Novice: 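Submitted below is the structure of interest, expressed as structure tokens.
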2 protein chains.
Amino acid sequence: MATIRDVAKQAGVSVATVSRVLNSNGYVNEDTRVKVTEAIKELNYLPNDVARSLFKRRSKMIGLILPDITNPFFPELARAVEDVANETEYTFVLCNSDNQMEKEQQYLTALKQKYIDGFIVVSSTLTTEQVHELNVPVVALDRIISPHMPSVSVQNYEGAQEAVQYLMKNGCQKVAHISGPDYVDNAHARKQGYLDMVRDKEWYVDGLVVDGKYELDPAKEAATQLLEKYPDVDGIFVGNDLMAVGVLKAAEALGIKVPENLSIIGFDGIALGETTTPALTTMAQPIYDVGSKAAELLINYIEGIPSVHSNHSFGVQIIERETVKKGGV
Amino acid sequence: MATIRDVAKQAGVSVATVSRVLNSNGYVNEDTRVKVTEAIKELNYLPNDVARSLFKRRSKMIGLILPDITNPFFPELARAVEDVANETEYTFVLCNSDNQMEKEQQYLTALKQKYIDGFIVVSSTLTTEQVHELNVPVVALDRIISPHMPSVSVQNYEGAQEAVQYLMKNGCQKVAHISGPDYVDNAHARKQGYLDMVRDKEWYVDGLVVDGKYELDPAKEAATQLLEKYPDVDGIFVGNDLMAVGVLKAAEALGIKVPENLSIIGFDGIALGETTTPALTTMAQPIYDVGSKAAELLINYIEGIPSVHSNHSFGVQIIERETVKKGGV
DNA sequence: CTGAAAGCGCTAACAC
DNA sequence: GTGTTAGCGCTTTCAG
């Protein structure tokens with residue numbers, strides 16, 4: 001590996017001059033610029049980023065901390081972040097936290113030791129203080145850490161309301177909700193959206209919302225019990241698509257026809273919902289856009305470009321597929 | 001951020017001594033070790049990895065280059081690699097190549113500038129020369145670059161044979177194959193496995209294998225045409241699960257009952273196959289193990305620990321679900 | 001317009 | 001046992 005010294009020698013100039021052409025800053029005579037450029041080519045020289053980082057105290061790396069890349073909601077998000085990182089010449093570090101605060105903290109400090117430039121974080125446990133004392137730019141994704149911290153998410157509350165409304169508009173007489181864990185703010189918001197739509201209905205009873213943990217099997221389990229206890233439920237708004245697939249499976253096992261006897265609507269719009277039979281109707285969020293917006297925000301933040309909105313909230317949109325029976329009231 | 005100098009001053013020793021206790025090498029008196037440790041605590045000192053890297057010429061980072069994390073086959077693989085990276089205190093860098101050689105090269109050289117310690121690569125385009133002149137440890141994953149290069153994969157050929165055999169054993173009279181792209185070695189091997197099982201059958205005709213590109217929609221398309229042209233096909237061995245889902249959808253659209261009138265078996269064993277209706281029967285590979293083995297191999301390679309097998313090939317195993325009609329010949 | 005030199009924070013000889 | 005010091009490869013004042 002050639003170093004800047006080698007290039008300097010080869011070109012018959014000083015390292016300072018080489019550095020200048022490398023970073024195209026400061027004055028440098030056209031002829032010597034050419035000489036240096038040639039030397040670089042000849043030696044096949046590539047600047048050493050580590051040395052650069054040491055001096056600059058920054059690494060051109062960003063980290064994405066998320067619960068588990070294996071959850072089908074996250075790959076698209078990660079892809080979006082990686083794409084903008086790549087475009088802007090940042091290196092993309094992926095961290096799976098399993099929702100454990102301890103792991104998050106480990107990643108945060110371990111990467112800080114590498115002069116990481118910033119983080120995008122999908123977390124329900126991280127606190128404002130922790131982020132603050134980290135002293136590295138952080139943007140919250142999908143889950144908000146604090147209103148005073150840059151974030152990008154979607155309109156969970158409104159989307160939930162719309163979803164429930166859609167079910168009722170299409171004739172559902174008794175709609176239940178399988179929720180995500182309450183400590184996840186978006187799950188909480190979706191549940192509130194549901195509740196605020198049904199609380200006053202004559203048919204509403206307390207047991208109609210049950211926790212599915214944002215996971216497939218627990219949701220299947222939860223739905224099974226729910227449907228056994230309330231056989232007259234004819235619509236379910238499920239907190240996310242992964243769980244909705246579980247609900248679909250539960251209905252199937254119980255011999256309940258979807259959508260004839262039970263309408264189901266999910267939330268998220270992940271690709272998985274397209275592959276089930278029947279295909280899942282869902283409140284879709286623009287996952288890729290959400291991810292790339294977060295990355296843009298972070299990188300602007302890092303590079304000191306002021307952002308107009310530092311709390312960005314995307315709208316959601318229904319995708320009508322096959323799990324809701326169409327029909328008026 | 002405190003530096004090693006600050007710690008040295010605080011403890012009343014030299015930086016060398018601090019470095020010694022940090023790395024626990026060289027002799028250091030117990031008392032001074034304690035003093036230093038205390039100083040570290042007090043100052044909340046964390047060693048600067050960038051400075052370390054610069055000196056050591058290595059970064060404690062490994063990269064995983066794969067086509068697209070959005071393809072449901074890869075998240076589990078990535079998770080496995082990240083897990084062992086994390087355990088061994090390596091930082092995990094994820095790169096999406098979209099199967100483009102150019103992108104792969106970019107990542108390779110960009111990360112080399114950061115003193116990355118090694119790569120795990122899922123690639124069909126990278127050549128032995130490129131890897132060689134990179135001069136950084138590389139292990140090939142899922143797709144073999146060269147027999148002389150460390151790799152981990154599965155028994156594609158044998159698994160394909162077994163899959164076809166399973167179909168025939170259960171009464172299929174005419175089995176077709178939807179293949180992956182021929183330039184992907186494992187797709188090629190699976191196709192050969194199929195061919196070597198059916199080539200001599202009285203019913204075998206050339207048009208029975210068609211390319212589905214390892215993608216859902218193209219596979220659906222391919223299956224549709226295949227089934228229209230050969231309505232008597234009663235079994236399909238599909239090159240991977242993603243495509244198998246496409247085939248399932250094609251059958252559904254065509255009104256062909258699975259498994260009553262058509263048996264389908266996939267390959268890979270991704271979670272997606274569990275959520276379809278009917279659930280997909282498949283030749284499963286131990287995806288997580290494959291990924292973690294690759295990571296172990298790489299890290300041993302990096303740390304100079306000789307590995308017995310540098311070409312590791314895992315077995316595959318059938319998962320019987322609902323897309324193959326059971327029954328003897 | 002160009003070069004000399006200090007220094008980013010750490011490790012590893014090499015002295016003592 | 002411990003300290004001094006020379007780099008790792010680069011960028012950036014500061015002179016000239």
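Labels below follow one simple rule: chain letters A, B, ... track the order of the sequence lines, proteins then strands, and each chain is numbered from 1. Values in this document were obtained by computation on a predicted structure and should not be read as measured data.
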Novice: Between Ser14(B) and dT2(D), does any side-chain N or O lie under 4.0 Å from OP1 or OP2?
Specialist: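 Ser14(B) to dT2(D) OP1/OP2: no side-chain N or O under 4.0 Å.
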
Novice: How long is the span from the OH atom in Tyr107(A) to the CG atom in Leu94(A), to the nearest 0.5 Å?
Specialist: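 Tyr107(A) OH to Leu94(A) CG: 8.0 Å, rounded to 0.5 Å.
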
Novice: With nearest nucleotide decided by heavy atoms, which residue, Val15(A) or Arg33(A), maps closer to the 5′ end of DNA chain C?
Specialist: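 Here Arg33(A) is the residue nearer the 5' end.
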
Novice: Check DNA chain C against residues 18-32 of chain B and give the residues with a non-hydrogen atom under 4.0 Å, in numerical order.
Specialist: Ser19(B), Arg20(B), Asn23(B), Asn25(B)

Novice: Given salt bridge (charged side-chain N to carboxylate O under 4.0 Å, His left out), test Arg79(B) with Asp98(A) step by step and report yes or no.
Specialist: CA-CA 11 Å; Arg79(B) 179 50 141 115; Asp98(A) 291 320; 2.2 Å; yes

Novice: Quick one, Val152(B) and Phe314(B) - any side-chain contact, counting heavy atoms below 4.5 Å?
Specialist: yes

Novice: Any side-chain heavy-atom pair from Lys112(B) and Leu46(A) closer than 4.5 angstrom?
Specialist: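 No. Closest side-chain heavy atoms not under 4.5 Å.
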
Novice: Please round to the nearest 0.5 Å and tell me the distance separating atom NZ of Lys60(B) and atom CD1 of Ile299(B).
Specialist: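 Answer rounded to 0.5 Å: 7.5 Å.
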
Novice: Say whether Gln285(B) and Asp268(B), considering side chains only, have a donor N or O and an acceptor N or O under 3.5 Å apart.
Specialist: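 Asp268(B) and Gln285(B) do have a side-chain donor-acceptor pair below 3.5 Å.
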
Novice: What distance separates Ile144(B) CD1 from Asp185(B) CG, expressed to the nearest 0.5 Å?
Specialist: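 So the gap between those two atoms works out to 5.5 Å.
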
Novice: Looking only at heavy atoms, which two atoms of Tyr45(B) and Asn48(B) are closest? And how far apart?
Specialist: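 Result for this residue pair: OH-N, 4.3 Å.
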
Novice: dC10(C) C1' sits how many Å from Lys114(A) NZ, rounded?
Specialist: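 Rounding to the nearest Å, NZ of Lys114(A) and C1' of dC10(C) are 13 Å apart.
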
Novice: Can you measure from CD (Glu104(A)) to CZ (Phe119(A)) and round to the nearest 0.5 angstrom?
Specialist: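 It is 11.0 Å, given to the nearest 0.5 Å.
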
Novice: Would you list the protein and nucleotides 7-9 of chain C atom pairs, both N or O, that sit under 3.5 Å from each other?
Specialist:
residue : atom : partner  : partner atom : Å
dC8(C)  : O3'  : Arg57(A) : NH2          : 3.1
dG9(C)  : OP1  : Arg57(A) : NH1          : 3.0
dG9(C)  : OP1  : Arg57(A) : NH2          : 2.9
dG9(C)  : N2   : Ala51(B) : O            : 3.4

Novice: Let me check the geometry of the helix from dC1(C)-dG16(D) to dC16(C)-dG1(D). What is the bend angle between the axes at its two ends, five pairs each, to 10°?
Specialist: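 If I round to tens, the end axes sit 40° apart.
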
Novice: Are a donor atom and an acceptor atom from the side chains of Tyr288(A) and Asp83(A) found within less than 3.5 Å of each other?
Specialist: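 Their side chains do contain a donor-acceptor pair, which is all the 3.5 Å distance test asks for.
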
